[in-house]
Amino acid sequence: MLLVALVGSALGYNALRRILYEQLDRSLYRLAEIEAAGTADSRDSSVHFHEELFGAESRREVLPTRYAEVWSVDGEPVLRTANLGGQDLPLPADILGRIAESNVPEFVRFEWQGQSYRGLVYPLGLLGAQHKVHLMQIAAPTEPVDTVLSRFLRMLVLTVFSGTLLAWILGWWLAGYAVRPVMQIIGQAESLDMTGAEHRLTAAADTDEMRRLVTVLNSMLGRIDAAFDNQRRFLADAGHEIKTPLTILRGDVEVALRRDRSPEEYQAVLGQTLEDLKGVSSLAEDLITLARSDSGGLEPRPTELPVQRLLTRVADRYAGVARQAGIDLVVQGGDGLVVLGDSGLLERALNNLVDNAIKYSRGGGRVTVSANAADGCVRIAVADEGPGISGEERPRLFERFYRGETGRRAARGSGLGLAIVSAIVDVHGGSIEFDSELGRGTTVCLVLPEARERPADGGLEEPAT
């Protein structure tokens with residue numbers, strides 16, 4: 001602001017100075033023409049002045065005092081105005097010959113009696129040959145012009161600095177007023193208690209931008225609260241799921257140690273303990289998988305995988321389990337289809353789906369694992385003939401540790417299987433389609449990107465351990 005004002009003031013000062021001096025020069029030139037015209041009235045070479053133009057007190061109130069003197073081309077004074085008091089005006093020696101030869105008026109600036117003067121040397125030869133030997137000098141002090149410029153400069157300095165100070169104060173106030181809502185938001189954000197039940201900003205926002213900022217921040221805080229709630233619930237459920245088998249293990253060991261037992265009894269206890277430990281180990285592995293998924297560390301190593309071999313491997317793994325449960329496990333389709341994905345992760349997802357299908361199917365029923373291609377994707381479906389899932393339970397099926405009414409009645413499972421399937425499909429850029437009807441079974445379909453070409457060897461990578 002100060003810099004702009006200084007530049008503008010400098011331009012204004014120079015413009016006023018140029019205007020005032022141009023006015024002074026015009027007045028001198030006009031006066032010279034008037035006096036030259038009066039001199040031209042004489043038919044001889046005599047000259048005279050209109051003294052009333054130079055000595056009137058009344059004119060001093062309007063114009064600076066004027067002085068006039070006539071010189072010969074030889075530099076001899078011929079006539080001067082009465083207000084000079086018999087003194088000659090300073091005249092540069094080289095100007096006489098130059099003006100006499102060129103016959104062109106020239107402005108000069110000189111110092112006289114401690115003051116600065118502006119003068120005009122006017123050749124009278126412009127009025128006739130009889131006056132060619134004469135030059136007229138008209139002069140006026142520049143003090144009135146300099147006084148006006150000095151006053152204007154003082155006014156500019158006062159105006160510029162007072163205006164800049166006022167602008168600084170106003171700008172400081174406006175800036176503080178503008179950022180006050182931001183400071184309120186910062187203060188509230190810093191004072192939020194993360195241990196509280198809910199965190200929201202209530203800062204007053206006077207503008208649409210600030211209200212939008214508060215809305216966005218509250219929306220973000222809502223997501224953070226939801227994430228914290230999910231994390232707390234996850235930790236609580238995980239602790240409960242781990243505590244239960246550990247409590248059972250501890251109870252079995254304590255019962256076994258209360259008295260001496262036969263080797264057969266110890267073997268039975270150790271066998272049950274081993275089964276329980278396998279369950280705890282599987283739960284820990286599931287928790288690690290979900291933790292990696294939440295942190296972005298569940299990164300697949302995609303390769304081209306033949307779908308039929310993937311389905312056959314899963315079916316072979318669960319053939320014995322299905323046989324014991326009286327379930328007919330069937331594989332359909334998949335011939336010639338190839339998907340892009342991590343063999344270990346995809347096999348684990350299918351294992352979870354097949355395990356759930358067998359677990360919740362009725363004896364004598366069928367579990368079908370099938371695959372087909374559609375719209376550049378491969379659809380791998382696992383269908384069972386179990387009791388189905390109600391519409392109220394479906395939105396929560398992929399929540400961690402959630403088990404529906406059928407799941408709660410089942411002895412096995414931690415409620416993490418479908419959550420892991422969802423995480424694996426997400427990192428592969430696929431999707432899950434779910435269809436279920438009470439009393440008629442459930443179908444879960446994995447939609448995965450299809451590879452354009454099948455690998456030459458047709459092999460599968462070993463699943464990650």
### Message
Before you tell me yes or no, could you show the steps for Ser370 and Arg379 under side-chain hydrogen bond (donor to acceptor under 3.5 Å, both in side chains), namely the whole-Å CA-CA distance, both residues' side-chain angles and the distance that decides it to 0.1 Å?
### Response
CA-CA 8 Å; Ser370 61; Arg379 301 166 59 87; over 6 Å; no
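- Residues Leu305 and Thr303 are in side-chain contact: their nearest non-hydrogen atoms beyond the backbone lie under 4.5 Å apart.
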#### Entry: Audit row: Arg98, Ser102, side-chain hydrogen bond (donor to acceptor under 3.5 Å, both in side chains) steps and yes/no
CA-CA 6 Å; Arg98 186 171 64 252; Ser102 64; over 6 Å; no
Table please: side-chain donor-acceptor pairs of residues 152-166 below 3.5 Å, with sequence neighbours left out.
residue	atom	partner	partner atom	Å
Arg154	NH1	Ser150	OG	2.9
Thr159	OG1	Met155	O	2.7
Ser162	OG	Leu158	O	2.5
Ser162	OG	Thr159	O	3.2
Thr164	OG1	Val160	O	2.6

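- By the side chain to side chain contact (heavy atoms under 4.5 Å, CB included) test, Val148 is found to be paired with Leu20, residues two or more places apart in sequence or in another chain being considered.
- For Asp384 (side chain) and Thr442 (main-chain N/O), a donor-acceptor pair under 3.5 Å exists by modelled atom type.
- Atom CD of Glu347 sits about 10.5 Å away from atom CG of Leu311, to the nearest 0.5 Å.
- A donor-acceptor pair is defined here as one N or O able to donate and one able to accept, closer than 3.5 Å; no such pair exists between the side chain of Asp435 and the backbone of Val444.
- Residues passing the side chain to side chain contact (heavy atoms under 4.5 Å, CB included) test with Ser72, sequence neighbours excluded: Asp74, Glu76, Val78.
- Looking only at distances, a side-chain donor or acceptor of Asn14 sits under 3.5 Å from a matching main-chain atom of Ala10.
- Looking at Thr215, its side chain does come within 3.5 Å of a backbone N or O of Arg211 through a donor-acceptor pair.
- Here the closest non-hydrogen pair linking Val104 and Ile99 is O-CG2, 3.7 Å.
- The number of heavy-atom neighbours closer than 6.0 Å to CZ of Arg26, taken from other residues, nucleotides and ligands shown, is above 12.
- Side-chain contact between Cys445 and Ile380 is absent, with no heavy atoms from C-beta onward closer than 4.5 Å.
- Under the 4.5 Å side-chain criterion, counting only non-hydrogen atoms from C-beta, Leu135 is in contact with Val73.
- Among pairs with a residue in residues 109-124, those fulfilling salt bridge (Lys or Arg N to Asp or Glu O under 4.0 Å) read Asp25-Arg118, at least two apart in sequence or across chains.
- If you check the side chains of Arg301 and Ser343, you find no donor sitting under 3.5 Å from an acceptor.
- With sequence neighbours excluded, the residues satisfying salt bridge (Lys or Arg N to Asp or Glu O under 4.0 Å) with Asp88 are Arg80.
- Of the inter-residue distances, the one linking Glu304 atom CD with Glu450 atom CD reads 10.5 Å to the nearest 0.5 angstrom.
- His428 places a side-chain N or O within donor-acceptor distance of the main-chain N or O of Asp342, the cut-off being under 3.5 Å.
- Checking side-chain atoms of Gln137 against main-chain N and O of Pro90 turns up a donor-acceptor pair under 3.5 Å.
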Taking only distance into account, with no hydrogens and no angle test, what donor-acceptor pairs under 3.5 Å do side-chain atoms of residues 138-145 form with protein atoms, sequence neighbours excluded?
residue	atom	partner	partner atom	Å
Thr142	OG1	Ser116	O	3.1
Thr142	OG1	Ser116	OG	3.4
Thr142	OG1	Asp146	OD2	3.3

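- A heavy-atom distance below 4.5 Å is not found between the side chains of Val382 and Leu446.
- No side-chain heavy atom of Gln308 sits less than 4.5 Å from a side-chain heavy atom of Leu337.
- The aromatic rings of Trp112 and Tyr67 sit perpendicular to each other, their planes meeting at more than 60°, with 30° as the lower class boundary.
- At a threshold of 4.5 Å between non-hydrogen side-chain atoms, the residues Leu438 and Ile389 do not count as touching.
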